[in-house]
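Inspection log for the structure reproduced underneath, given as structure tokens.
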Amino acid sequence: MPSVFIKTYGCQMNERDSEAVAAQLVAKGYSLAKSEATADVVLLNTCSVRDFAEQKAMNKMKNLAGTARKSRPDQILGYLGCMAQSRGKELIEKLPDVDLVLGTQKFHRAAEYIDELLAGKRAKIVDIEAEAKSEAAIREHLLNGSAKTSVSAFVSIMQGCNQHCTFCIVPATRGEERSRTIPDIVAECRELVSRGVREITLLGQIVTSFGRKEKRDEWQVTRDAGGIVSPDTRHLSPFVQLLDAVHEIDGLERIRFTSPHPKGYGDDLVEAYARLPKLCESAHIPLQSGSDRILKLMHRGYTREKFLSLVEKLRRAKPGIGITTDIIVGFPGETEEDFELTLSLCREVQFDNAYIFKYSERRDTPAATMPDQLPQAVREERNERLLNLVNEIAARKYDAFIGRQVQILVEGPSKKNAARYTGRTRCNRIVLFDGSARHQGQLMDVKIERTGSFTLYGDPAVVNL
Ligand code: SAH
Ligand code: F3S
């Protein structure tokens, strides 16, 4: 049977989509190639969030088409995901070596289309149509694909986003918000746990909107199916009802989710951290800017003060909670004063980590045509200043772990050094230690001895004799 290699750009949602596509192909008898050079089919699962991510995937495809193709003229080349969705057939017009362009609502069709291309039934396929119920079609898992995925798994709970932040292309690439039903998601999680998974991360572009757009009556029926949702949680938001339902699964040890939106982070979600022991004390809450003026231009729907009060509530509900964020620097019209408000907010919050993005104009987004687009040099300079601050704060927070005992879930051998094993704390920090295969999948206590860049080094022997 043919072999396939999938390269993934971008976020965890994309990682999850690639895993589901790989699992479908494996189920049909395809093998997974170790590299693009030996594969019969190479798929690039793309990201459109910033121009840089698009350029990277396009350059990669050009290289594949140029060099690799000479030696493998029958190799099938395809684009999947966000850039495929937003650029469509233009990608084949630009580079006629591309055989397949598959949008974000069509991942579940990949195997069928690749069969047709390999059999020569069709020469080119572009499918970026919307498809009803596609949000529930990302469900296959590849638990044996790598040691790590068998301990910890991602589950896609919804697709799309209706928030329309003025800088963001995601509502265009992923479409309107559509949520799966709670029984459907719980069934997938149960299956994963029965196959050895101990930690589940619930995924969506804006998980705090889970179930909000669905028709009340339909939702009620599906929610009640099989008594999965406890009547005691009916007054809570649909997302918290989902957390409660997943929490009931025996054998599941840890629950995480990403990404919430600060606007939808209600008190019931804050309280869930105190109430649900399996919900790990870590939260990734995208901030984007510390200036109310910029937040308004971004159409974020909250203020600096609201964000700060959310962080405070979370820390009160769950002391020691790890809080990370996303920040954009150089948004159109951002002044030095606005940027300093972002710096001061970071000092105030003391994030455990922050992903910093230089603003990138995206086609057909309102921000791209706003006045006062900032020169690249300003974006670079602010990026560097913020990065220095974030790293300095993060390093201090990591150092504070030295000498402490933490619980980790062991994922498997470290990628860089197979003699070391890697696990994560409940607040989502990576810990490396001298372990062995018998530790994999275990929850264990380790004592932190030293720190590296965004890594803790632990010693299990101290406490696990
Ligand atoms: N809610 C989604 C957001 C997807 S985009 C999620 O968490 O997955 C991820 C991050 O990319 C955003 O939080 C934002 O900080 C950044 N981003 C989005 N559009 C951008 C743009 N046009 N330029 C720079 N960064 C951007
Ligand atoms: Fe994008 Fe804003 Fe939604 S960042 S994914 S439009 S919440």
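Atoms within each ligand, like the ligands themselves, are counted from 1 in listed order.
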Would Glu129 and Arg109 pass as an ion pair if we require N to O under 4.0 Å? no
Under 4.0 Å between heavy atoms, the region of Ser360 that gets near ligand 1 turns out to be both
Logged contact type for Phe167 with ligand 1, heavy-atom cut-off 4.0 Å, is both
Those residues at least two apart in sequence (or on a different chain) that pass ring-ring contact (aromatic ring centres under 6.0 Å, His included) with His284 are Tyr355
Quick look: Ile328 vs ligand 1, heavy-atom contacts under 4.0 Å, and the answer is side chain
Honestly, for Arg362 the part within reach of ligand 1 (heavy atoms, under 4.0 Å) is side chain
So the atoms of ligand 1 within less than 4.0 Å of a heavy atom of Gln288 turn out to be 12 (C), 13 (O), 14 (C), 15 (O)
Within a distance under 2.8 Å of atom 2 (Fe) of ligand 2, the protein atoms of type N, O or S are Cys165 SG
query = Is the closest basic N to carboxylate O distance between Glu19 and Arg16 below 4.0 Å?
reply = yes
- Message: Tell me whether Arg293 is salt-bridged to Glu337, with the criterion being a basic N under 4.0 Å from an acidic carboxylate O.
- Response: no
- Message: Check contact between Gln12 and ligand 1, using heavy atoms of the residue and a distance below 4.0 angstrom.
- Response: no
Numbered in order shown, the ligand 1 atoms found under 4.0 Å of a heavy atom of Met13 are 8 (O)
